[in-house]
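All ligand and atom numbering here is 1-based and tracks the order in the structure.
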Amino acid sequence: MLRIFKTASPEALEEIAEEMRLRKTRHFLLLFSMGSQFDHLIVQKLARLGVFAVVADPSTITADDVKKAAPSGIILSGGPASVYNEPPPFDNAIFDLGIPTLGVCLGFQMWAKHVGAPVTPHEKREFGVHTFTQRGNDPLFAGIPEKSQVLETHGDAIEESAALTNLGSTDNAPVAAGRHKHLWGVQFHPEVSDTEEGTRMYENFVVHICGIEERFPSESVSAQKIAELKKEIAGKKVLIALSGGSDSSVVAYLLKEAHRGTEGKIKGVYIRGIDRPDDEAYVKKYFGSEDWIELEIADATDRFLKALAGKSAMRDKRLAMRGVYTEVLEERIKAWGADFVAQGTLYTDLRESGLGHATGARVAEIKVHHNTGITFSVPEIAPLADQVKDTGRALGREIGVPEDLLIRHPFPGPGLVVRIEGEVNEETLRVARAADGIYIEELRAANLYNTVWQAGATLTHSMHTESKGDGAGLGRVLALWAVWSVNGFTARAAELPHDFLEKVARRITNEVREVGAVVYRISDKPPATIEWG
Ligand code: XMP
């Protein structure tokens, strides 16, 4: 199947035509991926609406290519570039073809500049959830209340001008949505769950603006994935890195289904060393005595400590962690004679590491995830690489992964490494592990664990004066955080009851000698990320 549309070659056009025949539709949308963290969510939204979308490379596709392909509509995603000081690669003649186009954030700014509307750096950057007030009765907002919540993440603003019709604003964006003839644009992200009416906006664009009537139901994703895996790994030996969390557990169960009725073997490896208090127990409980998977616990504590010694920059620590992780898995691959290695890598991991849809648009590297950018001596399988957290969990539910594993909070592969500022050593690991243990234990005891998407404790580098007993001294500042989210692409700081936080803080400062004070982080994502490092 065609993955990225880079030029209108006869082969590429035939592949699009073939897909349309399969889906019994005359329509498709062209999605120019401008490098946004969220562009994959657009693909998923459109897939759920039953619309075939082809991801196009803005650095290679010309207006001529678009004319040949003849899509029913065009979407331009957001991205890290800025239209006035580093315009992204794009053939602006595409805007003059008369094809209905929706520009999201950067995509909106690109066409606005092209039609002569001023785009300026704004004094107030807009990150987070804002109230959008729509104006007029544009079909893009049909059936949507006058005011609704939207997620914005941009520094540039589009000014009011005669070049476009203003379709609505937020407190900091005078033109949060606009239209010029066949070009529509929004400064916010309708693809993220924080934008309440986002699905309706895409549906309006697809149905009312692009006139796409035939939509096709999406097939059962798990059945399709199992069938694809079956073809690839039938009868083979697959080694899987298990963490006790939902993603790798879902992959293990997909492998189990793909191997059903064959001679294939699955071996799970759990790597000990920088993990949190209860991870190993979960892996042992659910995979330790199953007949379809053999479990090995690999203790890499000393190797992690050696690789991390003397390193304090988060990126260096992430790379050191990734090095040991790769080595340990590679040794197990060789010793067992594995044919494949499997990981629970999600689309979020790839995207934040600067990977994802391989177009020529610049993509920001936010952090190096532990499971990306590495190679093994055998082919790698990552069946969840096109999924995000919530869709991965839904897939797990379809194939019987125990709910207890699925509802565990997500946690980073690099474990406590990203939750310790400064050097990771035996002592800082012990302190971070103890604090995390208390926090999670109390969240469960207060029945709050399932009310938040993820929670963690970060051992910061800041020192706080303390007055414990008679002696005065300095103790580390420990930061607690918890977020509400759907898929980890965006998150809101969770409001936890004050008396609960007080109880946790008291326990931590009493029971963990090195901690002098406890704080609670209240930033959303964006602008912050969920993990500290
Ligand atoms: P951030 O901190 O980037 O995290 O907002 C989004 C989600 O991803 C998790 N995370 C990771 N997961 N390997 C992983 O498997 C990693 O290197 C990694 N870094 C962050 C994070 O816990 C959150 O749920």
Side-chain angles (χ1 to χ4, degrees), residues 36-38 40-41 127-128 151 153 192-194 240-251 270-271 274-276 279 304 308 314-326 329 342-356 363-374 380 382 384-385 387-393 406-421 424 432 436 439-440 452-458 479-494 521 523-533:
S36 159
Q37 297 297 315
F38 307 135
H40 187 65
L41 295 180
F127 284 123
L151 182 113
T153 163
V192 301
S193 51
D194 309 65
I240 171 160
L242 284 178
S243 68
S246 68
D247 314 329
S248 54
S249 301
V250 171
V251 173
Y270 174 83
I271 304 177
I274 48 170
D275 39 2
R276 300 165 326 141
D279 297 335
F304 278 125
L308 289 160
M314 225 20 124
R315 189 182 153 81
D316 294 346
K317 291 190 295 184
R318 276 182 170 269
L319 288 172
M321 177 275 159
R322 192 167 77 172
V324 175
Y325 172 85
T326 316
L329 281 187
Q343 298 198 87
T345 314
L346 291 178
Y347 188 80
T348 333
D349 306 341
L350 295 171
R351 194 34 133 183
E352 299 204 334
S353 304
L355 304 167
V363 171
E365 177 191 287
I366 295 179
K367 49 186 67 167
V368 187
H369 279 236
H370 77 289
N371 42 6
T372 64
I374 47 181
E380 188 190 329
L384 300 186
Q387 303 291 307
V388 292
K389 198 83 197 180
D390 58 325
T391 60
R393 277 179 170 150
L406 292 177
I407 61 165
R408 285 198 81 198
H409 285 178
F411 57 90
L416 296 173
V417 168
V418 295
R419 296 188 179 173
I420 295 172
E421 276 196 309
V424 178
D436 183 281
Y439 187 29
I440 300 295
V452 298
W453 191 80
Q454 188 176 13
T458 301
L480 302 178
W481 50 266
V483 293
W484 292 315
S485 179
V486 174
N487 48 38
F489 269 107
T490 58
R492 311 273 302 266
R521 187 192 69 192
S523 282
D524 298 338
K525 172 184 181 176
T529 54
I530 296 175
E531 297 290 342
W532 209 264

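Residue contacts with ligand 1 leave out W532, since none of its heavy atoms falls under 4.0 Å from the ligand. In this structure, H409 has no heavy atom closer than 4.0 Å to ligand 1.
Ring geometry for F38 versus F489: interplanar angle over 60°, hence perpendicular rather than tilted (30 to 60°).
Only the side chain of Q454 comes within contact range of ligand 1, with a heavy atom under 4.0 Å; no backbone atom does. Under 4.0 angstrom from ligand 1, there are no non-hydrogen atoms of F489. Under 4.0 Å from ligand 1, heavy atoms of P412 appear from its side chain as well as its backbone.
For the pair R419 and ligand 1, the shortest N or O to N or O distance does not fall below 3.5 Å. Considering backbone and side-chain atoms alike, I530 places an N or O below 3.5 Å from some N or O of ligand 1.
For the pair F411 and S243, the minimum side-chain heavy-atom distance is below 4.5 Å. Residues L406 and V250 are in side-chain contact: their nearest non-hydrogen atoms beyond the backbone lie under 4.5 Å apart. Between P414 and M314 there is no side-chain heavy-atom pair separated by less than 4.5 Å. Side-chain atoms of V324 and L308, non-hydrogen and from C-beta on, never get closer than 4.5 Å to each other. Between I374 and Q343 the shortest side-chain heavy-atom distance falls below 4.5 Å.
Minimum interatomic distance between P412 and Q454 (heavy atoms only, all atoms of both residues): CD-NE2, 4.2 Å.
Set against the non-hydrogen atoms of P410, the atoms of ligand 1 under 4.0 Å away are 24 (O). Residue K525 approaches ligand 1 through these ligand atoms, each under 4.0 Å from one of its heavy atoms: 1 (P), 3 (O), 5 (O), 6 (C).
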